[in-house]
Amino acid sequence: MKLDRDQRRESIVTMLREQPFLTDEDLADGLGVSVATIRLDRTALDIPEVRVRLRKAAAKNAHSAEQKSVYGKLLEYNSKRSALSMLTVTPHLVDATGFVPAQTLYGMATALGDKVLDLPSAVCGVGNIKYKVPVRVGDTLVWKLTVVRQRGSEHYVWAKCLRDCAEVFRAKFILKSYSEVRL
């Protein structure tokens, strides 16, 4: 059943209230309309595009002292499914070159995966990473993690790390509960 314009716009507001970093494509897929229709509705509702919403959230949280976890501050959390977090890179995260090492970013991704899956203790079985752009002190990073599939005790996870809405690092890996791993 197709929603009329007012119902669709109300749905957009509701969806963004629950998940503020949905893209126009996500909204269009969820409502069964074109991306152009979503953009027109967003404009009419005075809702900025996801890039602007991310920047506002980054500016608001950039100087937050609440970054206690390795992956930063959780912005969105869907147990067993996905998470969105933000962190500003501090000097203790960089190496002698002045950049954050790939293994540190990978550690952040797996730690966020542990948080989402809430396994008592997990091990990373297989992993694939791509470090696209160097990350420095002061950069504000947004992590977007999704559990894409579960096959038995294996959880297939995709993590993307963004800076200014551009992907700087991505990881695909499998997490297993340590209690289910044969030694």
Quiz item: Do Ser82 and Asn78 have side chains that get closer than 4.5 Å, going by heavy atoms?
Solution: yes
Exercise. Hey, could you give me the OH/CG distance between Tyr71 and Leu87, rounded to the nearest 0.5 Å?
Key: 11.0 Å
Exercise. Any chance you could lay out the side-chain contact (heavy atoms from CB on, under 4.5 Å) test for Lys80 and Val147, step after step, and finish with the verdict?
Key: CA-CA 7 Å; Lys80 308 287 185 201; Val147 178; over 6 Å; no
Quiz item: Is there a side-chain contact between Val142 and Ser85, using heavy atoms and a 4.5 Å cut-off?
Solution: no
Exercise. Identify the two heavy atoms, one from Arg42 and one from Pro48, that lie closest to each other, and give their separation to 0.1 Å.
Key: NH1-C, 3.3 Å
Quiz prompt | pair Val50-Leu22: side-chain heavy atoms closer than 4.5 Å | solution = no
Self-check item: Leu93 vs Met108 side-chain heavy atoms within contact, under 4.5 Å
Solution: yes
Quiz prompt | NZ on Lys132 to CZ on Arg163, rounded to 0.5 Å | solution = 12.5 Å
Quiz item: With distance as the sole test, does Thr88 use its side chain to make a donor-acceptor pair with the main-chain N or O of Gly138 at under 3.5 Å?
Solution: no
Quiz prompt | Side chains of Val13 and Ile47 in contact at under 4.5 Å (non-hydrogen atoms) | solution = yes
Practice problem: Keeping the roles fixed (side chain from Lys176, backbone from Val123), state whether a donor-acceptor pair exists under 3.5 Å. | Solution: no
Exercise. Any pair with a residue in residues 107-119 that passes side chain to side chain donor-acceptor pair (under 3.5 Å), sequence neighbours left out, goes on the list, sorted by first then second residue, please.
Key: none
Self-check item: Whether Asp29 side chain and Asp26 backbone form a donor-acceptor pair below 3.5 Å
Solution: no
Practice problem: Could you pull out the closest heavy-atom pair between Gly107 and Val70, with the gap in Å? | Solution: O-CG1, 4.4 Å
Exercise. Applying side-chain contact (heavy atoms from CB on, under 4.5 Å), run through Val116 and Ser79 and close with a yes or a no.
Key: CA-CA 5 Å; Val116 168; Ser79 182; over 6 Å; no
Quiz prompt | Thr43 side-chain N/O to Arg39 backbone N/O, donor-acceptor pair under 3.5 Å | solution = yes
Quiz item: Can you list the residues that meet the side-chain contact (heavy atoms from CB on, under 4.5 Å) rule with Asp6, with sequence neighbours excluded?
Solution: Asp4
Quiz item: Would you say Cys161 and Glu167 make side-chain contact, with heavy atoms under 4.5 Å?
Solution: no
Exercise. State, with a plain yes or no, whether a side-chain heavy atom of Asn128 is found less than 4.5 Å away from one of Arg170.
Key: yes
Quiz item: Looking at CG of Leu45 and CZ of Arg9, how far apart are the two atoms once the value is rounded to the nearest 0.5 Å?
Solution: 5.5 Å
Self-check item: Which residues share a side-chain contact (heavy atoms from CB on, under 4.5 Å) with Val33, sequence neighbours left out
Solution: Arg8, Leu31, Thr37, Ile38
Practice problem: With Leu112 as reference, evaluate Val157, Leu84, Leu145, Leu117 under the side-chain contact (heavy atoms from CB on, under 4.5 Å) test and give the passing residue. | Solution: Leu145
Quiz item: For Pro91 and Val137, which heavy atoms make the closest approach, and how far apart are they?
Solution: CA-CG2, 3.7 Å
Practice problem: Hey, could you give me each pair passing ring-ring contact (aromatic ring centres under 6.0 Å, His included) that has a residue in residues 77-134? Not counting sequence neighbours. | Solution: Tyr106-Phe173, Tyr131-Phe169
Quiz prompt | Smallest separation among heavy atoms of Gly113 and Leu175, with atom names | solution = C-CD1, 3.7 Å
Practice problem: Specify the closest pair of heavy atoms between Pro101 and Asp95, including all atoms of both residues, with the distance to one decimal. | Solution: CG-OD2, 3.8 Å
Quiz item: Should Leu27 and Met15 be marked as a side-chain contact (heavy atoms from CB on, under 4.5 Å) after you check the CA-CA gap, both sets of side-chain angles, and the distance that decides it?
Solution: CA-CA 8 Å; Leu27 291 167; Met15 290 170 75; 3.8 Å; yes
Exercise. Could you please spell out the steps behind the side-chain contact (heavy atoms from CB on, under 4.5 Å) verdict for Val89 and Val135?
Key: CA-CA 8 Å; Val89 177; Val135 177; 3.6 Å; yes
Exercise. Scan for side chain to side chain donor-acceptor pair (under 3.5 Å) pairs involving residues 141-150, sequence neighbours excluded, and state none if there are none.
Key: none
Quiz item: For Glu10, does its backbone N or O pair with a side-chain atom of Thr14 as donor and acceptor, under 3.5 Å?
Solution: yes
Self-check item: Pairwise side-chain contact, Leu141 with Leu105, heavy-atom cut-off 4.5 Å (strictly under)
Solution: yes
Quiz item: With a cutoff of under 4.5 Å between side-chain heavy atoms, which Ile, Leu, Val, Met, Phe, Trp and Tyr residues group with Val148?
Solution: Val126, Tyr156, Trp158, Ile174
Quiz item: For Ala159 and Ala109, which heavy atoms make the closest approach, and how far apart are they?
Solution: CB-CB, 3.9 Å
